[in-house]
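Contents: one structure, followed by commentary.
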Amino acid sequence: EDEDDEDDDTDGDSEEEEELNLVMREDGRVHAPAVDYLELDTFRTFPDLVQGLDQDAELHARILADCRRVFTARSVEKEAGGGAKQQYSSGETFWIAAQDEPRCALEHLAQQIFHLHVADAARRWEDEVFMEDECERDPDAPPPFDPTRSGAEWWTQVIDSTHDAIGPHWDKDYALEHDDLNVHPHVGTVTYFANDGAPTLFVRATTPVRYSQPVTGPFGPRCGVSPDDMADPRGGTGTYLSWPKRGKHASFDGGWLHGAPGELAECRDEECEDGEEKGDEGDEGDEGKAVEAGNGEGKGPRVTFLVNVWLNHVPSTAAPCPEDVVKDLSTEPYLPEIENPDDVDEDPPAMFSVMGNYETEFKEMSWEFEHDGRTHALRVYDIPKLWVSREAGGGGCALGEGISVAIVGGSGEVTEKQKTS
C-alpha cells in the first residue's frame, strides 16, 4: 500500500506538470500546429485496413490471441484498481509514442493507425512553413507536433456476444476531470477483428471544456429548429452507425459521444425475413438494406482494437504495455507500413435519409450513462424500427456485413435524468 501511495503521488506530480504544458485551443482541443489539417468533426471508414483475415485463418487466429491476451491483462488491472473508470470503457489503456519503436504487432498497428490519420496533416503543415521564395523550411516554424508527447493510446475489447453492449461514453483524459477539464483525443478509431457483435454508434454530441458544466443538449440538424418544422428536419448528419467486419477500420472525431448498442446487433435469427427499407430515391449504396436471414450459427465475441490519436498530450491513464504482457504477444506486423495514407482504400458511409422518408417507421432509442456522478440519457430520435431487435420492440433485422450508415437528418439529445423523490 505504501508503494502504491508513492506511485500515486508521483503520478499526481507528473499530471500537474503536464497540465502546465497543456495548451488548449478555443475549440477545446489540445493545440498542435497540425491540428488545423486533421480530419475532424467527421466519420470515415476503411473497409479493409487489415487485409486477408477471411482467407488467412492463421493471421486471424494470431490477432485474436493477441487481443485476448491484452484484454485479459486490462481486465485484471480493472478488477484490481476498480474506481470510477469502470463506468466508461473499462480499465487502463496503453501508449506508444510517435517516435517509439514498436515491440509487438499490436503496437505496430497502433502506430500505423496514428500515421494513417496524422501523416497527411503533418505534411500539409510542413508545406505551409516552407519559405515562399526558397525551397527550405522556415527555421522559426515549430514542428507539426511533438513526437515525444504525441502518439496512440490503444486497448482491445473481447466481449461475449451476450454482453457486447457498450454504454455511451466520451473518450478523454479522465484524470483531468479533477482539474475541471474535458480533454479529448483528436481522433478516435475502432478496428474490428470479428464479424459479430453490436455496431458502434457515433453521435455529434460533445462536451464543454469545463467538466463541471452541463453536457446536456441537442445534436444533429434539428438543433435550433422550430417544433413546427421537426417533421422535416434539415440536411446534415448527427448519427452514424458502423457494423463490424473483420479488418474494417473506422475513425471519428475524438470528442464525439459513442457506444455499442446491443439492440442493433446483426440479426442471427432464421425467422428474420428478407426485406428492404428504402431511403430517398436516387440514393446509392447500401443504405436501408436489411440483413439476410441468419445461418443459425451462434455468435462469436465482439473483438475490437481501439486507438485514440493524441497530439502534444499523453493521457494520464495510458502507459506503455507491460513487458510481461508484450512478451506473450506476436511480433510480425499484421499489415505493411503505411507509406502513403492515400493508398489506403476509404469507403464513405451509405446515406440513409430521414427527410421525406415516409415509408420507413422510425423508433426513438435511449441509453443511460453516468457523467459527473449523475445519470444521463442519450436519446436518438431516428433509428429505423426494422433495425432494432425484437426484444427492444423492433423488427429484428439489423444491418450487418460491415455496413456503415450516416443517418442524414438524424438527431437526438443528451438529457439528465431527474431524481424522483
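All values below were derived from every heavy atom in this structure, side-chain atoms included, with hydrogens, water molecules and symmetry-related copies excluded.
Just one residue in the list F219, Y240, F252 forms a ring-ring contact (aromatic ring centres under 6.0 Å, His included) with F202, and that residue is F252. Under the side chain to side chain donor-acceptor pair (under 3.5 Å) rule, H108 has a single partner from R103, E101, E337, which is E337. Partner V70 forms a side-chain contact (heavy atoms from CB on, under 4.5 Å) with one of D328, V158, V325 and no other, that one being V325.
When atom types are taken as modelled, the side chain of H117 and the backbone of H115 share no donor-acceptor pair closer than 3.5 angstrom. Remark: side-chain polar atoms of D347 are not paired, donor with acceptor, to backbone N or O of F46 under 3.5 angstrom. The backbone N or O of W243 sits less than 3.5 Å from a side-chain atom of K248, completing a donor-acceptor pair. Side-chain atoms of Q112 come within 3.5 Å of backbone atoms of I338 as a donor-acceptor pair (strictly under, hydrogens ignored). Looking only at distances, no side-chain donor or acceptor of T216 sits under 3.5 Å from a matching main-chain atom of T415. A donor-acceptor distance shorter than 3.5 angstrom exists from the side chain of D56 to the backbone of E58, with no hydrogens or angles considered. Side-chain atoms of D100 come within 3.5 Å of backbone atoms of A97 as a donor-acceptor pair (strictly under, hydrogens ignored). Looking at E153, its side chain never comes within 3.5 Å of a backbone N or O of F94 through a donor-acceptor pair. H186 places a side-chain N or O within donor-acceptor distance of the main-chain N or O of L311, the cut-off being under 3.5 Å. Within the 3.5 Å criterion, the main-chain N or O of Q157 finds no donor-acceptor partner in the side chain of R68.
The heavy-atom pair separating D382 from G409 by the smallest distance is OD2-O, 3.7 Å. P341 and A119 get closest at one heavy-atom pair: CG-CB, 3.9 Å. In terms of heavy atoms, A105 sits closest to R62 at CB-NH1, 4.2 Å. For H60 against L53, the heavy-atom pair with the smallest separation is CB-O, 3.8 Å. Nearest heavy-atom pair across T239 and T237 is O-CG2, 3.2 Å. S242 approaches S404 most closely through the heavy-atom pair OG-OG, 3.7 Å.
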Please assess V414 against L257 for the test side-chain contact (heavy atoms from CB on, under 4.5 Å), listing each intermediate value before the final yes or no. CA-CA 10 Å; V414 174; L257 186 65; 3.9 Å; yes
Run the side-chain hydrogen bond (donor to acceptor under 3.5 Å, both in side chains) check on W154 and E107 step by step: do they pass? CA-CA 8 Å; W154 65 273; E107 286 191 340; 4.7 Å; no
Can you list the steps and then say if W310 with R149 is a side-chain contact (heavy atoms from CB on, under 4.5 Å)? CA-CA 8 Å; W310 293 86; R149 296 191 300 128; over 6 Å; no
Verdict with supporting geometry, S251 and E39, side-chain hydrogen bond (donor to acceptor under 3.5 Å, both in side chains): CA-CA 9 Å; S251 68; E39 296 283 350; over 6 Å; no
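Aromatic rings from W387 and F352 are positioned such that their centres are separated by under 6.0 Å. Residues H258 and W170 keep their aromatic ring centres 6.0 Å or farther apart. Taking the six-membered ring for Trp, Y211 and H371 have ring centres closer than 6.0 Å. Aromatic rings of W95 and W155 (six-membered ring for Trp) have centroids beyond the 6.0 Å cut-off, not under it.
A salt bridge links E364 and R379; the closest N-O separation between the charged side-chain nitrogens and carboxylate oxygens is under 4.0 Å. D36 has no carboxylate O lying under 4.0 Å from a charged side-chain N of R29, or vice versa, which leaves the two without a salt bridge. Taking the charged nitrogens against the carboxylate oxygens, D41 and R204 do have a contact shorter than 4.0 Å, which makes a salt bridge. Under 4.0 Å is where a charged nitrogen must lie from a carboxylate oxygen, and between D127 and R124 no such pair does. Between K245 and D196, none of the side-chain N atoms (NZ, or NE/NH1/NH2) sits under 4.0 Å from a carboxylate O, so this pair counts as no salt bridge.
Using cut-offs of 30° and 60° on the angle between ring planes, the pair F145 and F114 is perpendicular. Between Y334 and F193, the ring planes lie perpendicular to each other; the angle is over 60°, past the 30° to 60° tilted range.
Within the structure, every pair that satisfies the side-chain hydrogen bond (donor to acceptor under 3.5 Å, both in side chains) test and touches residues 44-53, not counting sequence neighbours, is listed here: R44-E346.
In summary, the side chains of D173 and H313 do present a donor paired with an acceptor at a separation below 3.5 Å, with no hydrogens or angles considered.
Considering only residues two or more places apart in sequence or on other chains, P244 meets the side-chain contact (heavy atoms from CB on, under 4.5 Å) condition with Y192.
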